[in-house]
Amino acid sequence: MDLYFKCGKVGSAETIFKLIPKKEAVSWNVMISGYVTAGKFFEAYGIFSDMREAHVEADAITFTSVLAACSQLAALEKGKDVHKLIIERKLEDGEVVMGALLDMYAKCGAVDEAFGIFRILPERDLVSWTSMITAYGSHGRVHEALKLFADMLQSNVKPDRVTFLAILSACSHAGLVDEGCYYFNEMINVYGIIPRVEHYSCLIDLIGRAGRLNEAYEILQRNPAITDDVGLLSTLFSACRLHRNLDLGFRIARTLIEKNPDDSSTYITLSHMYASVQKWDEMRTVRSQMKKLGLKKNPGCSWTEINQKIYPFFSEDNSRLHLESVNKCILYLTSHMEDESIPFMHFDIEAQIYS
DNA sequence: GTAGGGTTAG
């Protein structure tokens, strides 16, 4: 089953799972973690519910996997339920489960709860330190992130490339340019970590957001390995839009369109850039060019948790969830599942939606 | 057999 999941054959794994007459915890666990690796988080939670209904006792691995699903769905209430179960099962001394719990709270926006878990961890390893730093950094609490990083070094835990990613992204969110550059250099010179594209991504964003666009561009030019990276160019392009640098912006847009002619986002950003400097003719040209090529904006889709249930909605919903949108989203979800299975959620629209 | 941390942009 695990092998099928790893090959992306979710349907085959499901078939085998159904054939197992007496399912033990391991079989359920493989399904839950398999769904998570396949990005099918609704299903992961669904099969966890089935497991509970089947009265199979969940273990640390079950909880760890289902917490990953809760994190991805930002389903805080469901995550809290899992927390209760972990306490009931007296699994609070497990390093990995607690790490997953900490991450779940952080991803669901409950940063202080995440720190509550971090504080009581029996042992703090590289992963838990990094999770907590990421949690603070991604919620704009940079100084707490940097303080924690200092504490981590004090405790003699050596940061790795993920830790630095957390630090760099924290600095970039807060506009701490000098600090960010300092850590970038420390990473290389003190910790011997060779920066990857993702590190450069933070660095380019950091420097670009600060308006030092040419400096950011030079970094790309100086490193042949990353000069043409579409992701990095897009990051810099956004910074050009932010600072209304038409020259560099247009140059980068041209490269991006050459490399990725089907991607509508370049056109959209370009048109926004022209609009921000009142160049309406240029804006219209970009829009009509986009239309001519048949490029459309990707529809936005998200979901929210109301009264223990998860509701999807589309970007055109401004004030509240509409019946049609929910229906559309069910269609969207089902059409995006190769196996045509129906999402586990029950859409109790009449009773819940306007509550 | 199955388990926790990952950037940027639209």
Quick note, A/Leu165 side chain, CB onward, closest among B/dG5, B/dT7, B/dG4 is B/dT7
Of the listed nucleotides B/dA3, B/dG6, B/dG5, the one nearest the side chain of A/Ser131:
B/dG5
By side chain to side chain contact (heavy atoms under 4.5 Å, CB included), A/Asp50 pairs with (sequence neighbours left out) A/Trp28, A/Ile47
Can you list everything that forms a side chain to side chain contact (heavy atoms under 4.5 Å, CB included) with A/Val127? Sequence neighbours excluded, please.
A/Asp125, A/Ser131
Is the gap between the ring centers of A/Tyr45 and A/Tyr35 under 6.0 Å?
no
Between A/Phe149 and A/Trp129, does the ring centre distance come in under 6.0 Å?
no
Between [atom2] of [N] and [atom1] of [X], the distance in whole Å:
X        : N      : atom1 : atom2 : value
A/Ile257 : B/dG10 : CD1   : C1'   : 13 Å
A/Asp205 : B/dG10 : CG    : C1'   : 13 Å
A/Lys107 : B/dG5  : NZ    : C1'   : 7 Å
A/Leu19  : B/dG1  : CG    : P     : 21 Å
A/Ile133 : B/dG5  : CD1   : P     : 15 Å
A/Ile61  : B/dT2  : CD1   : P     : 8 Å
A/Trp129 : B/dG5  : CH2   : P     : 18 Å
A/Phe41  : B/dG4  : CZ    : P     : 12 Å

For a quick check, tell me whether the side chain of A/Asp125 and the base of B/dG4 share a donor-acceptor pair closer than 3.5 Å.
yes
Run the side-chain donor-acceptor check on residues 216-228 of chain A: report pairs under 3.5 Å with partners two or more places apart or on a different chain.
unit_1, atom_1, unit_2, atom_2, d
A/Asn223, ND2, A/Ile219, O, 2.8
A/Thr227, OG1, A/Leu220, O, 2.8
A/Thr227, OG1, A/Asn223, O, 2.9

In residues 23-33 of chain A, which residues come under 4.0 Å of DNA chain B by heavy atom?
A/Val26, A/Asn29, A/Val30, A/Ser33
Would you jot down, in residue-number order, the residues of residues 167-203 of chain A having a non-hydrogen atom under 4.0 Å from DNA chain B?
A/Ser169, A/His173, A/Glu198, A/Ser201, A/Cys202
Using a cut-off of 4.0 Å on non-hydrogen atoms, how would the nucleic acid contact of A/Thr130 be classed: base, sugar-phosphate, or nothing?
base
Name the nucleic acid region contacted by A/Asp59, choosing base, sugar-phosphate or nothing; use a 4.0 angstrom heavy-atom cut-off, strictly under.
nothing
Test: A/Arg124 and A/Glu95 ion pair at under 4.0 Å
no
Please check if the side chain of A/Arg244 supplies one atom and the backbone of A/Val277 the other of a donor-acceptor pair under 3.5 Å.
no
A/Asn260 vs A/Thr266 side-chain heavy atoms within contact, under 4.5 Å
no
Which pairs would a plain distance check flag for residues 190-198 of chain A, meaning a side-chain donor or acceptor within less than 3.5 Å of a matching protein atom at least two apart in sequence or in another chain?
none

